[in-house]
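Residue numbers begin at 1 in each chain, while the letters A, B, ... track the order of the sequences.
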Amino acid sequence: MEAVTNEAPNFDFETKVVAIAIAPGEAYCLSKENLKYLKDALAGEAVKVGHQLKASLLALRKEGFDCGGPLFDTQVAHYLIEPEASHELSILANQYLGTQLIESYDPVKNVCERADAALQIKKHLTRELESRNQTNLMTAVEMPLIRVLAEMEFEGVTIDTGKLGDMSDELKKDSQRLQGEIFEMAGMEFNIASPKQLGEVLFDKMRLLDKAKKTKTGQYATGEDILTKLAGEHEIAKKILDFREDEKLRSTYVDVLPRMISRFDGRVHTDYRQAVAATGRLSSNNPNLQNIPIRTGKGKRIREAFVARDKEHLILSADYSQIELRLAAVFAKDATMLEAFKNGRDIHTTTASKVFKVDIKEVTSDMRRKAKEVNFGILYGSTAFGLAQNIGISKTEAAEIIEAYFKEFSTIKKYMDDSINFAREHEYVETLLGRRRYLRDIHSRNQTTRGFAERNAINAPIQGSAADIIKLAMLNIQQWVKQEKLKSKMIMQVHDELVFDVHKEEADLFKEHVPWLMKTAVQLDVTLDAEVAVAENWFGAHG
DNA sequence: GCGATCACGTT
DNA sequence: GTACGTGATCGCG
């Protein structure tokens with residue numbers, strides 16, 4: 001199956017034709033007016049094969065057709081087999097069928113060609129999946145997830161454009177004021193948004209640093225870390241940072257989201273990509289709803305513009321707490337961490353107490369802050385240098401902290417070494433559900449390249465298993481919603497968080513049931529935890 | 001118009 | 001230090 005649509009931005013496409021291949025070398029193309037003759041066949045239990053099936057499901061759904069039966073997506077299948085390779089259909093056809101996809105000027109021929117190719121490639125991919133023991137991951141997780149994602153995208157999310165319009169005016173006003181002040185202090189006008197010009201003004205003209213850092217290409221580096229250090233002594237640096245923040249929020253979010261609203265239903269529809277992230281996470285684009293600001297005061301206000309669809313609904317958000325650290329504790333079988341999670345203790349305070357050798361009661365906020373960075377650093381396979389940079393301490397102190405950490409949490413150290421050794425032996429690592437990430441650079445003689453592979457050997461199983469788990473939770477939640485014929489909709493996923501447009505009558509039910517389904521998605525040696533909150537908007541729905 | 005570069009938003 | 005996506009600039013054409 002393969003659908004052809006026009007090139008309208010994101011959700012506002014219109015379906016042109018749909019091709020159906022029924023046997024090798026035999027494919028038919030239908031205009032959307034004739035799709036009705038296939039209604040029963042589409043709804044039926046026959047397996048539906050295609051490349052990027054989610055797009056086809058959405059095209060059909062917009063025309064009012066539901067697709068039944070199991071799915072087999074050749075792109076997602078190949079993503080499981082070789083996550084970081086290209087999954088283009090033409091390449092798969094070449095690799096598995098030994099044929100070139102015929103590129104015709106006739107779109108009917110193209111779409112039939114693609115439907116036929118997908119159908120024929122299926123058996124090869126099925127065999128590859130089987131040989132990797134990934135059949136269950138494919139059929140029980142990734143394939144049914146396609147429908148879940150299609151439904152989420154179809155629902156979309158409501159944006160309060162009035163709120164964003166007000167913000168845009170304020171941000172523009174603020175950044176223009178800052179621009180004037182920056183020009184005044186620099187004694188000249190220039191384009192602050194140009195790192196090249198900015199670097200020359202700060203470090204050639206104003207000579208704010210004796211030994212200004214350069215980027216790979218020889219330009220002055222003007223990133224946030226550098227300007228933050230400067231900000232203590234030079235007022236201009238702080239103003240540049242504020243200018244950057246205002247312009248970032250305005251140009252990336254506040255002014256863009258309203259333009260992404262569909263003329264069909266007045267909502268914003270992202271496109272979740274299921275075959276991009278090397279670890280098994282989803283990615284989101286057009287617009288990216290997985291990097292909506294939350295940290296800064298101004299950023300938070302953008303989340304306030306993500307609202308429920310109408311007066312009858314509310315936004316509910318549920319997120320896993322510390323899922324990656326819990327997984328690290330499970331994989332390492334670390335008694336201290338498992339016990340801390342079991343007893344609901346603050347994990348960063350626990351780590352601080354161990355690393356700094358003080359009683360839990362004696363842990364200061366600064367010690368906790370450092371311990372928190374250590375915990376995250378561990379998940380990423382961080383070095384002493386990276387940790388030092390992150391906390392703003394000396395490399396020596398960072399090395400001492402890491403040494404103390406590995407002494408207290410020797411099983412974590414062991415797990416990290418085991419992961420790297422597994423990668424050395426197999427040239428891949430894997431997740432809870434058998435998702436692989438190949439790490440062929442693990443044998444590289446280049447220290448930087450090899451180090452990167454080693455960090456991924458530690459991080460990929462943890463981040464990827466978290467992705468596995470939330471995918472299972474999404475499947476269970478959607479099944480429950482359907483079975484109980486509930487009105488509320490799952491509308492967003494942000495890696496460890498699920499967001500719902502809940503009908504007010506169902507808010508209490510979801511508050512209870514969604515976290516439960518998230519916590520029980522898998523059975524582990526640690527209990528998972530999920531926090532939930534309900535509010536008028538997305539920001540408010542963060543406990 | 002296109003791609004590289006830099007910067008920065010999230011987890 | 002993980003993983004992504006997007007916007008502005010700028011040099012190439």
Fill in the blank from the handout: In whole angstroms, the gap separating C1' of B:dT10 from CG of A:D319 amounts to 13 Å
Exercise for the section: Among B:dT11, C:dA8, C:dG5, find the nucleotide with the atom closest to the side chain of A:H495. Expected result: B:dT11
Problem - Sorted by number, the residues of residues 207-241 of chain A with heavy-atom contact under 4.0 Å to DNA chain B - result: A:T215, A:T217, A:A221, A:T222, A:G223, A:E224
Problem - Interatomic distance where CD belongs to A:Q197 and P belongs to C:dT9 [whole Å] - result: 9 Å
Problem - Main-chain N/O of A:W538 paired with A:E304 side-chain donor or acceptor, under 3.5 Å - result: no
Exercise for the section: Measure from CG on A:L327 to P on B:dT11 and round the result to the nearest Å. Expected result: 18 Å
Problem - Side-chain-base donor-acceptor pair under 3.5 Å for A:N291 and B:dG9 - result: yes
Exercise for the section: Give the rounded distance in Å between these two atoms: CG of A:D496 and C1' of C:dC4. Expected result: 14 Å
Exercise for the section: Determine: side-chain N/O of A:T279 to OP1/OP2 of C:dT2, distance under 4.0 Å, yes or no. Expected result: no
Fill in the blank from the handout: Note: A:S168 and A:D255 closest approach over all heavy atoms is OG-OD1, 2.6 Å
Handout entry: Residues from residues 292-300 of chain A lying under 4.0 Å of DNA chain B - heavy atoms
Key = A:I292, A:P293, A:I294, A:R295
Practice task
Could you tell me whether A:Q493 contacts a base, only the sugar-phosphate backbone, or nothing, with contacts defined as non-hydrogen atoms closer than 4.0 Å?
Solution key: nothing
Handout entry: Test item: side-chain donor near acceptor, A:Q478 and A:E151, under 3.5 Å
Key = yes
Practice task
Look only at the side chain of A:Y272 and the backbone of A:Q493, and say whether a donor-acceptor pair between them is shorter than 3.5 Å.
Solution key: yes
Problem - Interatomic distance where CD belongs to A:E200 and P belongs to C:dT9 [whole Å] - result: 15 Å
Practice task
Return the value, rounded to whole Å, for the distance between atom CG of A:L257 and atom C1' of B:dT10.
Solution key: 14 Å
Problem - Note: A:K298-A:E170 ion pair, threshold 4.0 Å (strictly below) - result: no
Practice task
Verify whether one side chain among A:Q290 and A:S283 offers a donor that lies under 3.5 Å from an acceptor in the other.
Solution key: no
Practice task
Check whether the side chains of A:T336 and A:E408 place a donor and an acceptor atom closer than 3.5 Å, and report yes or no.
Solution key: no
Exercise for the section: Please list residues of residues 447-469 of chain A whose heavy atoms come under 4.0 Å from any atom in DNA chain C, ordered by number; otherwise none. Expected result: A:F452, A:R455, A:N456, A:N459, A:Q463
Problem - Nearest to side-chain heavy atoms of A:R303, which nucleotide of C:dG5, C:dG11, B:dT10 - result: B:dT10
Exercise for the section: Decide if the gap between the ring center of A:F306 and the ring center of A:F539 is smaller than 6.0 angstrom. Expected result: no
Exercise for the section: Answer yes or no: is there an ion pair linking A:R250 with A:E247, defined by an N-O contact shorter than 4.0 Å? Expected result: yes
Exercise for the section: Check the distance between B:dT10's P and A:I323's CD1 and give it to me in whole angstrom. Expected result: 21 Å
Exercise for the section: Ignoring backbone atoms, establish whether A:N191 has a side-chain N or O less than 4.0 Å from OP1 or OP2 of C:dT9. Expected result: yes
Fill in the blank from the handout: Only one of A:K196, A:R244, A:Q197, A:E200 passes side chain to side chain donor-acceptor pair (under 3.5 Å) with A:T222, and that residue is A:R244
Problem - N/O donor-acceptor pair, side chain A:K248 with base B:dC8, under 3.5 angstrom - result: yes
Practice task
May I ask you to verify if any side-chain N or O of A:R281 is less than 4.0 angstrom from the OP1 or OP2 atom of B:dT11?
Solution key: no
Handout entry: Taking every non-hydrogen atom, the tightest pair across A:V201 and A:A186
Key = CG1-CB, 3.7 Å
Completion exercise
A:A278 has its side chain closest, among B:dA7, C:dA3, C:dC10, to C:dA3
Exercise for the section: For C:dA3, take OP1 and OP2 only and decide whether either is under 4.0 Å from a side-chain N or O of A:R437. Expected result: yes
Fill in the blank from the handout: Rounded to whole Å, the CG-P distance (A:D255 to C:dG7) equals 11 Å
Exercise for the section: Answer yes or no: are there more than 12 heavy-atom neighbours, outside A:K354 itself, under 6.0 Å from its atom NZ? Expected result: no
Handout entry: Under 3.5 Å donor-acceptor, A:S465 side chain and A:L432 backbone
Key = yes
